2 protein chains.
Amino acid sequence: MTESTLLLKEHHLKATPQRIKIISMIEEHGHITIEDLYKEMLEQFPSVSLATIYKNINQMAQSGLIREIKIPKAKSVFELIKEPHLHIVCDSCGKIEDIPVETENIIKEAEKLSGYKINESFVTLRGTCPECR
Amino acid sequence: MTESTLLLKEHHLKATPQRIKIISMIEEHGHITIEDLYKEMLEQFPSVSLATIYKNINQMAQSGLIREIKIPKAKSVFELIKEPHLHIVCDSCGKIEDIPVETENIIKEAEKLSGYKINESFVTLRGTCPECR
DNA sequence: GGCTTAAAAGAAAATTATTTTCTTTTAAAA
DNA sequence: TTTTAAAAGAAAATAATTTTCTTTTAAGCC
Ligand SMILES: [Mn+2]
Ligand SMILES: [Mn+2]
Ligand SMILES: [Zn+2]
Ligand SMILES: [Zn+2]
């Protein structure tokens with residue numbers, strides 16, 4: 001039983017070959033767009049439908065297996081839900097990296113200032129990566 | 001000379017009635033979607049085209065007058081660019097608030113960890129507002 | 001205040017993104 | 001194996017955004 005299959009079972013989703021492939025592509029890339037998922041999927045499943053990608057991505061997001069990350073001035077990417085982290089995007093080459101920065105302080109501060117009960121935080125930074133300078 | 005007109009001049013954009021209206025709507029609402037901009041614009045300019053909204057929003061974003069804020073699981077909103085702040089969205093009623101929280105620490109930390117030179121940060125929190133509890 | 005003109009508005013069509021519907025196929029449970 | 005609810009795929013529908021083209025207009029100049 002593959003890793004992806006296991007994840008699907010845990011989330012009570014049927015382990016179809018297409019879904020297994022989607023999950024392993026997300027795992028492999030870390031972050032990936034719908035477009036790239038589709039392109040890469042076509043290599044292995046030449047008759048896959050884009051609707052299959054969308055339907056599965058939506059279900060997986062719904063069931064808490066993956067999450068959409070909206071990127072400023074770029075297409076959304078999808079990632080497996082793991083430990084909290086923030087994202088940093090290179091303006092020049094588009095690369096997206098995970099950074100394990102602690103955001104608890106900001107969240108506590110924001111809760112105090114706003115009176116909200118905060119459930120999730122999305123932090124995305126944009127700048128220039130070391131390779132692009 | 002109205003406030004909106006002045007902003008447009010400063011950014012070297014022709015001060016058309018449609019643009020003045022767009023800016024004052026953004027100012028008035030704080031954050032507003034394309035859809036709501038269009039609906040409200042129609043009241044005053046019954047023949048306005050959605051393309052006019054898009055073209056202007058894109059130009060204004062390009063010239064640094066406004067900014068798009070991508071919201072998790074919801075439509076993007078647009079805001080005037082002012083002092084840095086973060087956003088907090090209520091899961092229940094959809095309300096979006098600005099919070100003047102200091103993010104310098106996180107940014108410095110992320111720069112150190114990643115080696116990136118960071119130019120801008122987007123922080124969006126989701127949770128439940130005081131009124132929805 | 002009347003010209004001039006580049007830029008903007010508006011209308012329509014085109015493109016791109018996403019969802020829905022419907023029929024066929026299949027994973028998983030019995 | 002057989003059964004069946006769920007998923008895949010194909011096609012069409014809908015939604016979001018951009019482009020093209022013609023008409024109108026803001027702003028600079030006399
Ligand atoms: Mn990530
Ligand atoms: Mn804001
Ligand atoms: Zn780079
Ligand atoms: Zn609320």
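So you know, we letter chains A, B, ... as the sequences are listed, proteins then strands, and number each from 1. All values reported here derive from a predicted model rather than from experimental measurement.
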query: Passes side chain to side chain donor-acceptor pair (under 3.5 Å), A/His87 versus A/Asp98? Steps please.
result: CA-CA 5 Å; A/His87 293 103; A/Asp98 288 344; 3.1 Å; yes

- prompt: Quick one: which of C/dG10, C/dA9, D/dA27 gets closest to the side chain of B/Arg19?
  reply: C/dA9

field: Closest listed nucleotide, where the reference is the side chain of B/Asn58 and the choices are D/dT18, C/dA8, C/dG10
entry: D/dT18

- prompt: Looking only at side-chain N and O atoms, does A/Gln18 come under 4.0 Å of OP1 or OP2 in D/dG9?
  reply: yes

- prompt: Quick one: do A/Arg67 and A/Glu120 make a salt bridge, cutoff under 4.0 Å?
  reply: yes

- request: Check every atom of D/dT18, D/dA10, C/dA9 against the side chain of B/Ala51 and return the nucleotide holding the closest atom.
  value: D/dT18

query: Toward the 5' end of DNA chain D, which comes first, B/Leu50 or B/Thr16, by nearest nucleotide?
result: B/Leu50

- prompt: Where do B/Asp91 and A/Asn119 land on the side chain to side chain donor-acceptor pair (under 3.5 Å) test, with the steps shown first?
  reply: CA-CA 9 Å; B/Asp91 289 334; A/Asn119 297 320; 3.2 Å; yes

statement: Hits for side-chain hydrogen bond (donor to acceptor under 3.5 Å, both in side chains) against A/Glu111, two or more places apart or cross-chain, chain-then-number order -> none

- prompt: Looking across every strand, which nucleic acid part, if any, lies under 4.0 Å from A/Pro17 by heavy atom: base, sugar-phosphate, or nothing?
  reply: sugar-phosphate

- request: Taking only the side-chain heavy atoms of A/Lys55 (C-beta and beyond), determine which of D/dA10, C/dT19, D/dT18 contains the nearest atom.
  value: D/dA10

query: To the nearest angstrom, how far is B/Ile57 atom CD1 from C/dA9 atom P?
result: 12 Å

- prompt: Do B/Lys14 side-chain and D/dG28 base share a donor-acceptor contact under 3.5 Å?
  reply: no

query: Of the candidate nucleotides D/dG9, C/dA17, D/dT18, which contains the atom at the shortest distance from the side chain of A/Lys75?
result: C/dA17

- prompt: To the nearest Å, how far apart are B/Leu42 CG and C/dA11 P?
  reply: 10 Å

message: Whole angstroms only, please: what is the CD-C1' distance between A/Gln62 and C/dT19?
response: 15 Å

- request: Grab the NZ-C1' distance between A/Lys21 and D/dG9 for me, whole Å please.
  value: 19 Å

- prompt: Are OP1 or OP2 of D/dT17 and a side-chain N or O of B/Tyr54 less than 4.0 angstrom apart?
  reply: yes

- prompt: For B/Met41 and C/dA8, what is the distance between atoms CE and C1' respectively, to the nearest whole Å?
  reply: 12 Å

message: Please report the distance, rounded to the nearest Å, between CZ in B/Phe45 and C1' in D/dT25.
response: 13 Å

- request: Ignoring backbone atoms, establish whether B/Ser47 has a side-chain N or O less than 4.0 Å from OP1 or OP2 of C/dG10.
  value: yes

query: Are A/Met41 and A/Ile32 connected in the hydrophobic side-chain network, where two residues link if heavy atoms are under 4.5 Å apart?
result: yes

- request: Indicate whether any N or O donor in one side chain lies under 3.5 Å from an N or O acceptor in the other, for B/Ser76 and B/Glu68.
  value: yes

field: Euclidean distance, atom CZ of residue A/Phe78 to atom P of C/dT18 [Å, nearest integer]
entry: 8 Å

task: Look at A/Asn56 and D/dA7 and indicate whether a side-chain polar atom (N or O) is within less than 4.0 Å of OP1 or OP2.
output: no

query: Between B/Ile53 (CD1) and C/dA8 (C1'), how many Å, whole number?
result: 13 Å

- prompt: Looking across every strand, which nucleic acid part, if any, lies under 4.0 Å from B/Gln59 by heavy atom: base, sugar-phosphate, or nothing?
  reply: sugar-phosphate

